[in-house]
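A short worksheet on the structure shown next.
The figures that follow rest on heavy atoms only: side chains count, while hydrogens, waters and symmetry mates do not.
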Amino acid sequence: MTNFSEEWRYEKKFLVNHMNLSDIKRIIRLNTFNFTKIYPDRFVNNIYFDDMKLSNYFDNIEGNTDRHKVRMRWYGGQKDFNEKVYLEVKRKKGEIGFKERFVLNNFNYNGDLKN
């Protein structure tokens, strides 16, 4: 496995009530933060790992500011493991987050993926 880390970054989520998708897109386009599209349209696949008590899930739902989650992530089709497959550990402390990413070299899956 290859480990590469990213810097801590700010992550802010907003609850949007009573707005439709076209209004939200317009607000984003007209803001002064100069958001730009970084990646082309693509499928992002995730498998999240948790304990039997669903601790990571409830930490998120309850809004705990110091939490983490572990996931497997790949891009492309659901069974398209030709590209890189990553094991990621995301940590969050307040409004800043950090992601550790490990490349799963030669990942091979021989079963069915159930929804």
Exercise for the section: May I have the step-by-step check of side-chain contact (heavy atoms from CB on, under 4.5 Å) for I24 and I27, ending in yes or no? Expected result: CA-CA 5 Å; I24 295 168; I27 289 169; 5.8 Å; no
Exercise for the section: List the steps and the verdict of side-chain contact (heavy atoms from CB on, under 4.5 Å) for R26 and I28. Expected result: CA-CA 5 Å; R26 189 177 330 96; I28 291 171; over 6 Å; no
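A heavy-atom distance below 4.5 Å is found between the side chains of L21 and K25. For the pair R71/K99, a side-chain contact is recorded, criterion being any heavy-atom separation below 4.5 Å from C-beta on. Using a 4.5 Å heavy-atom cutoff, the side chains of F98 and K93 are not in contact.
V16 and F33 fall within the same hydrophobic cluster, defined by Ile, Leu, Val, Met, Phe, Trp and Tyr side-chain heavy atoms under 4.5 Å apart, directly or through other members.
Remark: side-chain polar atoms of N20 are paired, donor with acceptor, to backbone N or O of S22 under 3.5 angstrom. In this structure, N46 contributes its side chain and Y48 its backbone to no donor-acceptor pair below 3.5 Å. With hydrogens and angles disregarded, no donor-acceptor distance shorter than 3.5 Å links the side chain of D59 to the backbone of H68.
Note: E62 CD to S55 OG = 9.5 Å, rounded to the nearest 0.5 Å. Going from atom NZ of K92 over to atom CG of N60 covers 8.0 Å, rounded to the nearest 0.5 Å.
For the pair K90 and E100, the salt-bridge criterion is not met [side-chain N within less than 4.0 Å of a carboxylate O].
No cation-pi contact links R73 to Y86, judged by a cut-off of 6.0 Å to the six-membered ring centre and 45° from its axis.
Closest heavy-atom contact between F49 and M72: CE1-N, 3.7 Å. Taking both residues in full, the closest heavy atoms of R101 and Y75 are given as NH2-OH, 3.7 Å, listed atom of the first, atom of the second, then distance. Considering all non-hydrogen atoms of both residues, N56 and V70 come closest at ND2-N, 4.4 Å.
Other cluster members for Y57: L54, F58, I61, joined by side-chain heavy-atom distances under 4.5 Å among Ile, Leu, Val, Met, Phe, Trp and Tyr.
When each of I47, L104, V103 is checked for a side-chain contact (heavy atoms from CB on, under 4.5 Å) with L87, only L104 meets the rule.
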